[in-house]
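A quick write-up on the structure given underneath.
Throughout, a chain's letter reflects where its sequence line sits, starting with A, and its residues are numbered from 1.
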There are 4 protein chains.
Amino acid sequence: MPKAPLTPRKAPRQERSRKTCDAILKAAADILAREGQTGLNTNHVARKAGVSIGSLYQYYPNKQSIVGALIHARRAALLAEMEQAAEAAEAAGLDEIVRAMVAVRLRHHFRHPRLAEALSRAEAELPADRDLRQQRTRVEAMIVAVLAEYYVDDPETVARDVLAIGDGMACAAVEAGESDAEALVARVDRAVLGYLAPIVGD
Amino acid sequence: MPKAPLTPRKAPRQERSRKTCDAILKAAADILAREGQTGLNTNHVARKAGVSIGSLYQYYPNKQSIVGALIHARRAALLAEMEQAAEAAEAAGLDEIVRAMVAVRLRHHFRHPRLAEALSRAEAELPADRDLRQQRTRVEAMIVAVLAEYYVDDPETVARDVLAIGDGMACAAVEAGESDAEALVARVDRAVLGYLAPIVGD
Amino acid sequence: MPKAPLTPRKAPRQERSRKTCDAILKAAADILAREGQTGLNTNHVARKAGVSIGSLYQYYPNKQSIVGALIHARRAALLAEMEQAAEAAEAAGLDEIVRAMVAVRLRHHFRHPRLAEALSRAEAELPADRDLRQQRTRVEAMIVAVLAEYYVDDPETVARDVLAIGDGMACAAVEAGESDAEALVARVDRAVLGYLAPIVGD
Amino acid sequence: MPKAPLTPRKAPRQERSRKTCDAILKAAADILAREGQTGLNTNHVARKAGVSIGSLYQYYPNKQSIVGALIHARRAALLAEMEQAAEAAEAAGLDEIVRAMVAVRLRHHFRHPRLAEALSRAEAELPADRDLRQQRTRVEAMIVAVLAEYYVDDPETVARDVLAIGDGMACAAVEAGESDAEALVARVDRAVLGYLAPIVGD
DNA sequence: GATGAATGAGCCTTCATTCAT
DNA sequence: GATGAATGAAGGCTCATTCAT
């Protein structure tokens, strides 16, 4: 494979560029949420974004880079929210902090569930990308940091499990038609706390 | 869309047909596990199966029906295993039965993790199919039955959550490079029991 | 570059395939002769060949391979003619043999001058291909063999020069509107013999 | 086609314009020499020239006009050199003058062989342009003039042949990796003199 | 005049599917 | 029934050229 970059082609310097770039991502997100990967093609995205196909390729070197940018942007937002939550709960105990961060993630998921899931599937099929991998690591690292502070054993695995519990339940809930994020948060809390209880020394 | 059927074109009655059908599914499974959806195309499948593209279409009306058949076949196997597990654990308490069934599912996943995940992603993108939906319901129904017997409230949601916890953790574990199913089973148990504890009257 | 093969994709086994393959080459030759590289695109070729674009790609993995095949085929024919000429002139002296071979080449060129030149230009822009390079060497080798037999010094350079004289004059003649191959043969003879005279021991 | 002009849009009168024009031609020459026609595109040229794409189109109405200008400029330089050579050899005999002019051409070719050949191929594919055709004629006319002075028959054909011999041998030599212009000059001399001998009355 | 964002026709190529043998 | 040649819609992407700023 001739190494297809997953990062945008150039940083938009002019105001107009920013708009175009954003319109493309927005259109792609919309299509992905509505029709999944199947319906996502560059011509379609460009048309929906009200932009010519040439402009699209001015900013994104290939189709995958659009999906990559979308994943990156959403995860960056999530990271910011998680950091905020971590700070807010700083004073509280381990359980409270972890719950807060997981809750943020769930709410994030519930805000655009179809998109969240389409992106998650898309990422799994995307060729490995260093940037995205790092970013993913950073999300886990936030939990790892908290766990480590409390001397939890093997914090990486624990962090991964905790996040996975939330993700799994969120997907299933959305698929089943649920739309009340807080109801799910409560259930996930039970699972997460149950999972943590035996390994957190009191 | 003119509503493409997802089920095989005809039930293969003859020995020869069976073999062809199986070879096709096997080839598709292999490709899906190795290369994901991206690498899956009918010509490739036919060649790998040692079958002409014409024959492939004799048995499967379209590409999606192959994926559909694959999902169906694997889930049928899972169902059988779960039934067996349920019977074996019948005498035990609620926790034990649920744990047993979840464990079966995890081991099933770990047997062919790349395939399991590719299929799960594929199913999410497939157009809704009555047959597959029913089958999925049946898996949940098995847990629901057990829960109901123990007077658990809203057993459908609980069943869904329990399965989702296992699925989520399994995907994350595989992605992280784990390969020890039993280690994961233990961790999932913690989460599942923690989740169940408050809602199971003792 | 991801290594684009210049050789046909598969050898046609059925009668029908042969026809398709040939029709494609013929169409490509026609377009190349009439419009040059500029007018050569796969859709155009397919249409003119009375073949679907899909069929074209069944036999030629990419556009360049069509041009490559064309070059190869024409040069193979030339080689055959040159061999014949060499045999026929075997008894004669060095001059005679070389003249005969050069004459064959000129006549070959004059049979389809626009095509010959378009292909020659195309080959220069094509990525280096081992197969074509070898074939080109073989043409020169035929002259080298004759020269070596007569103890000519540095036969490779001499062979190259002799051929180049003919090629250069042929291109210029065609471009100027000449169409009488034999008139040109006579003039090329003068140049070639003049070139050889000082280096051929008498 | 709406008849695209091959000549620069306007004569650059100001110093600034001259520089831009030249930078564009230089960049185009460089790309053409390095990558051939394939790599030549207007955006690439503009970037390499350190000029905006808009400015490029200010001076050259289309891509072909850039190539045309390049051909024109190089051939103008060649013409000047040939004139100089003709003057210098004026006193000598026919052979000497012709040899001198051919030698100039060969050295010109060897100074930038990749470019010379790329341009020659490009010119062949360019739509006929009156300006370039005239210029080409002028090169031949210089030889024709000398030949006519010596009462050579059909001087146009002879001039064409003589030039073609040199061109053909130069291309082949460069392609074979030769880089010693003088060595080639000697060989071309042999061919040219051999060609001329029978038709020049002594 | 200069800039570079935007445009869109058009090209290469793939792949699900059909159909003649 | 099997085969595999053929089909063509569709999609990714480039690049010559225009135009608003």
Kindly say if C:Thr20 contacts the phosphate of F:dA5, meaning a side-chain N or O under 4.0 Å from OP1 or OP2.
no
With B:Glu123, which of B:Arg74, B:Arg136, B:Arg133 fulfils salt bridge (Lys or Arg N to Asp or Glu O under 4.0 Å)?
B:Arg136
Take the protein atom CD of D:Gln64 and the nucleotide atom C1' of F:dC15, then report the distance between them rounded to whole Å.
14 Å
Does the side chain of D:Tyr59 get closer than 4.0 angstrom to OP1 or OP2 of E:dA2 through an N or O atom?
yes
Quick one: closest heavy-atom pair of A:Leu56 and A:Ile24, and the distance?
CA-CD1, 3.6 Å
Measuring to OP1 and OP2 of F:dA2, would you say a side-chain N or O of B:Tyr57 lies under 4.0 angstrom away?
no
Beyond-backbone contact of D:Lys26 with D:Asp22, side-chain heavy atoms, under 4.5 angstrom:
no
A:Ile66 versus A:Leu40: any side-chain heavy-atom pair under 4.5 Å?
no
Let me know the distance between CG of A:Leu40 and C1' of F:dG12, rounded to the nearest Å.
12 Å
Is there a side-chain contact between D:Ile71 and D:Leu126 (heavy atoms, below 4.5 Å)?
yes
Which atom of D:Ala23 lies closest to which atom of D:Ala49, heavy atoms considered:
O-CB, 3.5 Å
Which heavy atom in C:Arg121 sits nearest to a heavy atom in D:Ala124, and how many Å separate them?
NH1-CB, 3.3 Å
Where B:Arg114 and B:Ala33 come nearest, the two heavy atoms and their spacing:
CB-O, 3.3 Å
Rounded to whole Å, CZ of B:Arg18 lies from C1' of F:dG1 at a distance of 19 Å
Atom CG of B:Leu56 and atom P of E:dT18 are separated, to the nearest Å, by 12 Å
What is the distance, rounded to the nearest whole Å, between atom CD of B:Gln58 and atom P of E:dC19?
14 Å
With side-chain contact (heavy atoms from CB on, under 4.5 Å) as the test, would you mind laying out the steps for B:Leu132 and B:Gln135 before giving the verdict?
CA-CA 5 Å; B:Leu132 289 181; B:Gln135 203 194 21; 3.8 Å; yes
Between P on E:dT13 and CG on A:Asn62, what's the gap in Å once rounded to a whole number?
17 Å
Check: A:Glu125 side chain, B:Gly36 main-chain N or O, donor-acceptor pair, under 3.5 Å:
no
Intra- and inter-strand pairing of DNA chain E, written as dot-bracket with Watson-Crick and G-U pairs under 3.5 Å and | for the latter, reads .||||||||||||||||||||
Taking only heavy atoms on the protein side, list every residue of residues 41-52 of chain C lying under 4.0 Å from any atom of DNA chain E, sorted numerically.
C:Asn41, C:Thr42, C:Asn43
First of A:Lys63 and C:Ile53 reached from the 5' end of DNA chain F, by closest nucleotide
C:Ile53
Any side-chain heavy-atom pair of D:Leu25 and D:Tyr60 under 4.5 Å:
yes
Please list, by residue number, the residues of residues 29-38 of chain D whose heavy atoms come closer than 4.0 Å to an atom of DNA chain F; answer none if no residue qualifies.
none
